S.K.: 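Please see the structure below; I have some questions.
Residue numbers start at 1 and run along the sequence shown. Since this is a predicted model, take the numbers as computed values, not measurements.
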Amino acid sequence: MFHKIWVRNSVAIAAVLILIAIGTLFYLNAVSVANQRRIEDYRQQVGANSAAELWARSIEQRDPRLFGLHDGGFPGGVQFLEDTEQARRTEQVEGDAISITTTQLYQLLSILRDSPAAQVPGIVDFNTSRPANFQQLRSIIFACCQSQEKSTGTETGTTTGTAMKEQQERWLIGVELAESLTAGGFIIDELKRFALLQTLLERGMSLIESADLDFLENGAVTLARVASPEDGIARALQIETLVVMDLEEWQASPFTSSLDLRWYLDQQIPLSLDPSTETLQALSVEEPPVYALLSSVVLPLFDSIIEKSNQMSARLRAVRCAFEATAAQLRGVEWTPPTGVELLPSTAGGAARIHVIGSSVATDVYLPK
């Protein structure tokens with residue numbers, strides 16, 4: 001039988017196909033083993049075995065100089081707003097702000113400071129539901145960035161020294177409320193924090209012209225207690241990476257999904273450990289391969305997220321330095337920019353500006369003339 005050419009050819013082809021199949025199985029198994037080794041190494045690098053553990057660790061090890069994190073549900077504050085007659089939308093209030101007085105803001109801040117510390121959700125996965133308080137908190141922050149008269153619809157058109165001091169106090173309250181209730185969690189939580197922080201920084205830049213030395217120094221200290229957007233995004237990426245690593249879909253077909261998981265790990269691990277523009281540029285920017293079906297779903301749009309965190313970090317630092325520089329000018333002393341920041345002199349009669357080295361000029365902050 002083996003003297004026939006077609007039989008010998010068929011046996012040879014079958015043998016080759018069997019060897020290819022065996023080799024493929026060995027290769028996929030090796031990839032699967034390598035994936036598990038990388039996952040274990042990653043867990044050691046971030047110091048946690050699960051997303052819940054890392055989330056808890058991020059709360060426990062939070063720098064004590066930063067604002068304390070409080071329960072995002074903020075039940076006492078929600079009830080306070082519901083029970084307050086002024087806590088309602090009115091035609092006189094602009095945008096998304098709610099009508100709220102400075103006294104009520106102080107009461108709200110007191111409730112916040114007495115509210116429970118932030119807790120990790122019982123189950124941390126992509127179905128984890130966070131308290132839906134963002135819209136209400138956003139309205140409060142808008143109110144904090146307005147004068148009491150404008151917030152309550154009783155604006156007189158004049159600004160006294162007392163009214164200006166009240167506006168400054170409202171802004172400081174807004175920074176603490178936003179930072180205490182939104183920091184930590186998933187990427188979406190950090191992006192919500194960025195939205196509130198952007199509003200607060202824009203308002204803060206308009207308050208730098210204040211001649212109140214105490215406020216300027218207090219403003220610089222308050223902004224120093226805001227967590228770095230870059231650090232927040234890094235921790236959020238690490239939490240989400242641990243969630244994805246535990247997805248059951250990777251185990252559904254371990255051999256066929258091993259290549260998919262390897263591609264995900266190649267992209268996600270370096271960036272979550274160092275979420276910088278340089279790392280992003282060093283990674284593959286091409287479309288996911290055809291076998292990376294799950295990776296293409298769970299990988300976020302890195303470029304926009306990294307750019308946003310970089311911009312927010314630079315703007316936060318620039319505004320903080322502007323408060324410090326203006327306070328130094330009022331004290332009559334020279335201000336020395338910290339490492340990574342430069343004070344660019346005025347040109348053509350313009351104002352001097354704070355520039356964070358390596359950031360876009362769009363994040364620069366001009367000092368009062």
Side-chain angles (χ1 to χ4, degrees), residues 39 42-78 108-134 136-138 140-141 172-197 200 221-247 268-269 271-275 300 305-306 308-309 312-313 316 320:
I39 290 174
Y42 181 79
R43 287 171 174 162
Q44 292 182 8
Q45 285 178 289
V46 299
N49 291 320
S50 66
E53 183 179 342
L54 181 59
W55 195 325
R57 189 181 298 273
S58 67
I59 295 175
E60 295 168 359
Q61 298 181 347
R62 186 174 173 84
D63 190 331
R65 292 173 296 181
L66 303 179
F67 287 113
L69 295 180
H70 294 274
D71 183 5
F74 200 25
V78 172
L108 196 60
L109 185 61
S110 178
I111 294 174
L112 169 71
R113 291 173 177 174
D114 291 337
S115 66
Q119 297 294 320
V120 180
I123 299 177
V124 178
D125 57 29
F126 288 123
N127 293 320
T128 299
S129 59
R130 303 297 304 280
N133 72 333
F134 178 71
Q136 191 171 45
L137 179 57
R138 184 170 179 265
I140 296 173
I141 299 306
L172 292 172
I173 291 173
V175 174
E176 182 170 349
L177 288 172
E179 186 66 10
S180 298
L181 292 171
T182 59
F186 292 128
I187 291 177
I188 186 62
D189 298 306
E190 280 298 308
L191 294 179
K192 289 178 181 179
R193 183 169 76 100
F194 290 177
L196 299 180
L197 184 57
L200 289 162
V221 171
T222 299
L223 292 177
R225 297 178 64 190
V226 175
S228 164
E230 290 178 330
D231 292 344
I233 281 295
R235 183 53 57 89
L237 281 170
Q238 292 167 12
I239 289 175
E240 292 199 6
T241 301
L242 290 173
V243 170
V244 174
M245 287 178 174
D246 290 335
L247 288 178
Q268 186 77 351
I269 287 180
L271 195 63
S272 66
L273 295 175
D274 178 26
I305 293 173
I306 300 304
K308 185 68 173 178
S309 67
M312 290 304 302
S313 290
L316 173 62
R320 174 188 171 186

S.K.: Would you indicate whether the side-chain heavy atoms of S180 and L69 approach each other to under 4.5 Å?
M.R.: no
S.K.: Do V175 and L172 touch side chain to side chain, with heavy atoms closer than 4.5 Å?
M.R.: no
S.K.: Evaluate the side-chain proximity of L54 to N49: yes if any heavy-atom separation is below 4.5 Å, no if none is.
M.R.: no
S.K.: Within a strict 4.5 Å, meaning less than it, do heavy atoms of the L237 and Q268 side chains meet?
M.R.: yes
S.K.: Which atom pair, heavy atoms only, marks the closest approach of E179 to R62?
M.R.: OE2-NH2, 3.4 Å
S.K.: Quick one, V226 and L66 - any side-chain contact, counting heavy atoms below 4.5 Å?
M.R.: no
S.K.: Kindly indicate whether the side chain of S50, heavy atoms from C-beta on, has any atom under 4.5 Å from the side chain of W55.
M.R.: no
S.K.: Roughly how far, to the nearest 0.5 Å, is the OG atom of S228 from the CG atom of L316?
M.R.: 7.5 Å
S.K.: CD1/I141 to CG/L197 distance, rounded to the nearest 0.5 angstrom?
M.R.: 10.0 Å
S.K.: Kindly compute the distance separating CG (D231) from OG (S313), expressed to the nearest 0.5 Å.
M.R.: 7.5 Å
S.K.: Identify the heavy atoms of L200 and A178 that sit nearest to each other, and give their distance.
M.R.: CD1-CB, 3.8 Å
S.K.: Could you measure the distance from the CG atom of L196 to the CZ atom of R138? Nearest 0.5 Å is fine.
M.R.: 8.0 Å
S.K.: Kindly give the heavy-atom pair with the smallest separation between I59 and A118, and that separation in Å.
M.R.: CD1-O, 3.9 Å
S.K.: What pair of heavy atoms forms the shortest contact from E240 to I187, and how long is it?
M.R.: OE2-N, 2.9 Å
S.K.: For L181, is there any backbone N or O sitting under 3.5 Å from a side-chain donor or acceptor partner on H70?
M.R.: no
S.K.: Would you kindly say whether S272 and Q238 are connected by a side-chain donor-acceptor distance under 3.5 Å?
M.R.: no
S.K.: Which value, rounded to the nearest 0.5 Å, describes the distance between T222 atom OG1 and F67 atom CZ?
M.R.: 5.0 Å
S.K.: Nearest 0.5 angstrom please: I239 CD1 to F186 CZ, how far?
M.R.: 7.0 Å
S.K.: Show the nearest heavy-atom pair for residues E176 and L109, with the distance to one decimal.
M.R.: CD-CD1, 3.5 Å
S.K.: If you measure from the Lys or Arg side-chain nitrogens to the Asp or Glu carboxylate oxygens, is any gap between D246 and R43 under 4.0 Å?
M.R.: yes
S.K.: Show the numbers, then the answer: is there a salt bridge (charged side-chain N to carboxylate O under 4.0 Å, His left out) between R235 and D189?
M.R.: CA-CA 11 Å; R235 183 53 57 89; D189 298 306; over 6 Å; no
S.K.: Given the rule in the salt bridge (charged side-chain N to carboxylate O under 4.0 Å, His left out) test, do R193 and E190 qualify, once you have shown the distances and angles that lead to the verdict?
M.R.: CA-CA 5 Å; R193 183 169 76 100; E190 280 298 308; 3.0 Å; yes
S.K.: For A234 and P275, which heavy atoms make the closest approach, and how far apart are they?
M.R.: CB-CG, 3.5 Å
S.K.: Do M245 and L242 come within less than 4.5 Å of each other through their side chains, counting heavy atoms only?
M.R.: yes
